[in-house]
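Comments concern the structure below.
Labels below follow one simple rule: chain letters A, B, ... track the order of the sequence lines, proteins then strands, and each chain is numbered from 1.
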Amino acid sequence: MTAVSMTVNGQIVSADIDPRTLLVQFLREQLRLTGTHVGCDTSQCGCCVVHVNGDALKSCTTLALTCDGAQIVTIEGLATGDVLHPMQAAFRENHGLQCGFCTPGMIMTAVELVRRKGANLDEHTIREELEGNLCRCTGYHNIVKAIAAGAQAMGAAAE
Amino acid sequence: MTATGIGASVRRKEDFRFITGKGRYTDDINRPGQTYAFFVRSPHAHAAINGIDASAALKMKGVLAVLTGDDIAADKVGGLICGWMIHSKDGSPMKAGAHPALAQGKVRYVGDHVAVVIAETYTIARDAAEKVVVDYTVLPANADTASAARPGAPVVHDVAPDNMVYDWKLGEKEPTDAAFAKAAHVTTLEIVNNRLVPNPMEPRAAVGDYDEGSECFTLYTTSQNPHVARLVLSAFIGIAPEHKLRVIAPDVGGGFGSKIFIYAEETICVWAAKKVRRPVKWTSDRTEAFLADAHGRDHVTHAQLALDAAGKILGLRVKTTANLGAYLSTFSSAVPTYLYAPLLSGQYNIPAIYAEVDGVYTNTAPVDAYRGAGRPEATFVIERLMEVAAREIGRDPAEFRRQNFVTTFPHQTPVIMCYDGGDYPQALDKALELADYANIGKRKAESARKGLLRGIGISAYIEACGIAPSAAVGSLGAGVGLWESAEIRVNPVGTVEVLTGSHSHGQGHETTFAQLVSDRLGISIDNVAIIHGDTDKVQMGMGTYGSRSGAVGMSAIVKALDKIEAKAKKVAGHVLEASPEDIEFKDGKFSVKGTDKAIDFASLALQAYVAHKFSGQELEPGLKEGAFYDPTNFTFPAGVHICELEIDPQTGIVTIDKWTAVDDFGNLINPMIVEGQVHGGIAQGVGQALFEGAVYNKDGQLLTASYMDYQMPRAGDLLSYDIAVTNTPCPSNPLGIKGCGEAGAIASPPAVINALTDAVGHEDVPMPATPQVLWRAAQRAVQKIAAQ
Ligand code: FES
Ligand code: FES
């Protein structure tokens with residue numbers, strides 16, 4: 001067992017963990033933050049994406065220990081109280097989800113994408129940037145629309 | 001239409017919890033004292049088990065138990081079942097080999113369940129599973145669909161020495177042969193419908209729990225039909241009688257058919273919970289999902305279409321070998337028979353059809369329903385034949401289809417189905433216009449100037465949804481009726497709970513069902529809760545698959561609403577001192593005809609419960625009604641999809657340029673949700689046509705057992721679709737709706753392949769049409785063009 005400490009959604013958490021523990025296991029099983037999902041075991045699906053120090057990262061391929069001291073944001077930490085993050089609101093408004101299983105990873109990926117590439121995202125860019133996220137339900141059509149709209153809304157909110 | 005009523009694109013009620021990470025999927029559920037299961041699976045496709053030595057595993061700290069087929073047998077846990085009886089041509093019943101939840105003496109596919117380790121943590125269970133030593137004698141494997149029943153092939157089940165589950169037929173041979181005898185032209189195709197892995201993004205999971213005090217079991221599971229799971233676990237597998245077994249399917253992350261079935265892992269978790277006297281949790285990893293979720297499709301077909309000199313279809317002859325895998329999964333037997341051959345007539349008037357289907361065992365994972373289930377396979381056969389036939393006789397594929405469309409209804413096909421309504425030319429016209437079909441020649445020439453090959457492909461599909469009536473499916477061999485239940489509970493404050501036997505795993509029932517109720521009762525959509533997925537709350541139901549929740553599930557709600565309205569009118573009669581016949585119900589108000597005496601819905605609900613205005617002898621207090629709805633027919637969604645694409649002959653890379661979909665789903669409850677279903681279906685169909693394929697080698701090893709090897713469609717592989725609808729309301733249910741969940745997956749594969757073959761000069765192209773396949777075909781096409 002090894003001690004680890006990090007800030008998750010603004011709260012400092014510390015625990016003794018098996019060094020093999022993945023970040024996603026730490027979040028889901030120790031902190032009971034079950035919004036982050038596991039959809040594969042080869043780092044391909046992106047259901048597990050969270051933000052580590054502002055970067056979108058696949059928490060299924062990250063050892064919790066390597067996040068010692070890091071700032072983590074999960075899907076549970078994105079809204080401000082009852083107010084949805086613009087990207088969350090855009091997914092709902094544009095029907096960017098069906099079963100919802102890929103959705104947390106999609107939203108976390110999208111938010112970071114806007115931070116990197118700005119609020120004006122064309123369809124091609126969005127589709128290319130979703131390389132690491134699989135959705136089996138939506139055919140991506142409405143996810144792409146949602147991200148474009150969410151990006152615009154994030155841009156407007158930042159002004 | 002109100003803002004939240006029928007026909008409005010209401011934003012989904014369920015979304016809030018999903019976008020904030022508060023969904024509750026099975027793997028999110030943890031019970032106090034929970035243990036973890038990990039399955040020891042066969043690494044061999046076919047082997048005898050000589051012995052299992054679990055001693056090293058049992059010595060590990062944290063291991064509670066290692067259970068095997070012997071424990072299953074000792075506890076008399078019944079085998080997994082197939083619930084649809086198919087008879088061979090000679091009338092003999094299908095040959096169902098035993099399917100124990102843990103192998104007994106033999107394993108039959110890679111991933112077959114040999115033992116389960118139960119431990120304090122998932123990691124310990126997984127580590128311990130590696131220490132379970134299984135002594136196998138490896139046997140030759142039988143892994144190829146087309147040759148599975150060849151003489152001398154390894155025998156998968158002794159009950160089927162020729163590996164034939166059944167040899168089944170539909171339609172009449174003699175009239176079909178006669179039609180071919182007088183044909184002016186016969187088109188012949190050899191078709192492989194590639195094997196797919198459903199891949200809902202949420203892997204299967206289960207938590208089994210046992211309460212010693214009440215002797216009740218609870219199973220949380222990723223199911224599309226928890227009541228059917230309970231029925232099978234009780235009546236056939238014998239876990240516990242139904243009143244001692246609760247099955248809960250909470251939020252479920254997609255199913256596409258693969259979560260209909262009653263599998264070994266879920267069965268073991270609930271059984272083992274009593275054995276170890278602790279809750280037992282299992283969560284599939286993705287590799288396990290590839291190995292052991294039921295796969296889809298996997299047909300090899302020889303098909304022929306007979307035409308007269310004018311291009312009218314005279315007959316259709318189909319011979320299919322369907323791979324059913326190593327065991328018969330829950331509905332597997334029905335998929336390549338009654339869900340397949342009755343759809344071979346497509347949208348066309350075909351006077352004679354004869355289909356033969358051989359269901360075969362192989363040493364591969366069980367094959368069962370996957371989005372569309374039989375109907376995509378049928379549509380692929382007829383739509384490829386139509387395309388190739390049109391080209392062979394020098395006709396425009398669109399006009400050749402139009403010439404042969406069914407145009408009068410009801411239309412009885414030679415293969416069971418009676419189409420009750422539709423307007424096929426209308427959908428075709430609309431699709432051709434939206435796709436700018438008239439100018440395809442110009443676009444092809446432009447592509448050619450850039451050195452690219454452009455093609456266009458049409459698919460005019462029909463499918464049958466809401467499989468019913470119960471008596472009819474019973475006569476075809478179904479073990480259950482395919483009705484649906486609903487119960488409406490009006491609370492004293494006027495809010496409403498709707499209990500439905502349908503199950504939502506992405507379809508948005510919490511919204512669409514609430515739209516229906518809100519529309520009818522004139523109450524806010526926020527005052528309607530949809531309850532599903534828990535056998536302790538909803539008494540019985542058949543679940544969600546085959547696009548049945550709208551046509552069947554919502555129709556049951558309509559029936560219950562009718563009863564609510566009738567009862568409420570009686571209450572209103574007492575309250576307003578009028579005869580119930582004089583009570584009108586409109587816009588959420590009960591009023592006495594021709595007067596201004598009225599009471600709103602919420603006040604009426606309260607009156608029903610306080611029951612002061614009437615005696616309990618004349619009218620029962622309360623406002624709660626239930627209904628079971630059994631449809632009068634299947635529903636028949638139909639439409640036309642057109643795919644236009646470009647192939648780069650240098651690389652074999654294909655770019656889909658434009659996708660046009662015109663679907664007739666009858667009346668729509670929520671167009672936004674319907675469009676979403678179409679988008680998702682198209683993506684899966686394009687996946688089948690271009691990317692996806694489960695590959696077993698000759699030893700029965702699955703070569704495509706992860707996302708590294710099995711190509712799922714990604715956002716960058718796809719495009720935005722142009723979607724439109726036509727509407728001929730369905731005459732067979734009160735809402736006039738037909739179902740939309742599978743249409744995209746059914747329509748799209750032939751549209752893609754027809755477009756590809758158009759691009760490469762009419763050469764046949766197999767699925768998945770990978771860049772390598774297309775590069776070779778495109779090279780030949782380019783040479784042909786150069787030679788001309
Ligand atoms: S769980 Fe699939 S990429 Fe992390
Ligand atoms: S919404 Fe179901 S996987 Fe994306």
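- Salt bridge annotation for A:Arg28-B:Asp28: present, with a cationic side-chain nitrogen under 4.0 angstrom from a carboxylate oxygen.
- Atoms CE and SG, on B:Met201 and A:Cys47 in that order, are 4.0 Å from each other to the nearest 0.5 Å.
- To the nearest 0.5 Å, the span separating OH on B:Tyr721 from CG on A:Asn142 amounts to 10.5 Å.
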Any chance you could lay out the side-chain contact (heavy atoms from CB on, under 4.5 Å) test for B:Arg24 and A:Thr34, step after step, and finish with the verdict?
-> CA-CA 8 Å; B:Arg24 194 163 180 259; A:Thr34 54; over 6 Å; no
Kindly determine whether B:His505 and A:Cys99 satisfy side-chain contact (heavy atoms from CB on, under 4.5 Å), including the steps that lead there.
-> CA-CA 5 Å; B:His505 29 281; A:Cys99 79; 5.5 Å; no
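- For A:Arg92, the parts sitting under 4.5 Å from any heavy atom of chain B are the backbone and the side chain alike.
- Atoms CZ and CD1, on A:Phe91 and B:Ile19 in that order, are 9.5 Å from each other to the nearest 0.5 Å.
- B:Met712 and A:Leu134 get closest at one heavy-atom pair: CB-CD2, 3.7 Å.
- Here the shortest heavy-atom pairing between A:Gln44 and B:Met708 reads NE2-SD, 3.1 Å.
- Remark: side-chain polar atoms of B:Tyr707 are not paired, donor with acceptor, to backbone N or O of A:Ser43 under 3.5 angstrom.
- B:Asp717 CG to A:Tyr140 OH: the interatomic distance, rounded to the nearest 0.5 Å, is 8.0 Å.
- Of the residues B:Gln507, B:Gln677, B:His679, the one that meets the side chain to side chain contact (heavy atoms under 4.5 Å, CB included) test with A:Gln98 is B:Gln677.
- Closest approach of B:Phe256 to A:Cys137, counting heavy atoms only: CZ-SG, 3.7 Å.
- Donor-acceptor pairing under 3.5 Å is lacking for the side chains of B:Thr20 and A:Glu76.
- Taking the six-membered ring where tryptophan is involved, the planes of A:His37 and B:Tyr25 are perpendicular, since the angle between them exceeds 60° and thus also 30°.
- Between chain B and the options A:Leu84, A:Leu78, A:Leu33, heavy-atom pairs under 4.5 Å are most frequent for A:Leu84.
- In terms of heavy-atom pairs under 4.5 Å with chain B, the best-connected choice from A:Thr138, A:Leu130, A:Asn133, A:Ile143 is A:Thr138.
- Here the side chain of A:Arg136 pairs a donor or acceptor atom with the backbone of B:Pro198 at under 3.5 angstrom.
- Highest contact tally toward chain B, considering only A:His124, A:Arg127, A:Glu131, is held by A:Arg127 [criterion: heavy-atom pairs under 4.5 Å].
- Neither side chain, B:Ser706 nor A:Asp41, offers a donor N or O lying under 3.5 Å from an acceptor on the other.
- With hydrogens and angles ignored, the 3.5 Å screen pairs no side-chain donor or acceptor of B:Arg12 with any backbone N or O of A:His95.
- Chain A forms the most heavy-atom pairs under 4.5 Å with one residue out of B:Gly508, B:Pro200, B:Gly254, B:Pro713, and that residue is B:Pro713.
- For chain A, the option among B:Ile673, B:Val686, B:Asp251 with the highest count of heavy-atom pairs below 4.5 Å is B:Ile673.
- Taking B:Leu719, B:Val678, B:Ile682 one by one and counting their heavy-atom pairs under 4.5 Å with chain A, the maximum is reached by B:Leu719.
- Chain A forms the most heavy-atom pairs under 4.5 Å with one residue out of B:Lys22, B:Arg714, B:Arg286, and that residue is B:Arg714.
- Ranked by heavy-atom pairs under 4.5 Å with chain B, the list A:His85, A:Glu93, A:Arg32, A:Glu29 is led by A:Glu93.
- How far SG of A:Cys45 is from CG of B:Asn199: 10.0 Å, rounded to the nearest 0.5 Å.
- The residue among A:Gly35, A:Gly39, A:Gly100 with the most heavy atom pairs within less than 4.5 Å of chain B is A:Gly39.
- Under the 4.5 Å side-chain criterion, counting only non-hydrogen atoms from C-beta, A:Phe101 is in contact with B:Pro203.
- Per-residue counts of heavy-atom pairs under 4.5 Å with chain A were compared for B:Gly253, B:Ala683, B:Gly681, B:Gly23; the largest is that of B:Gly253.
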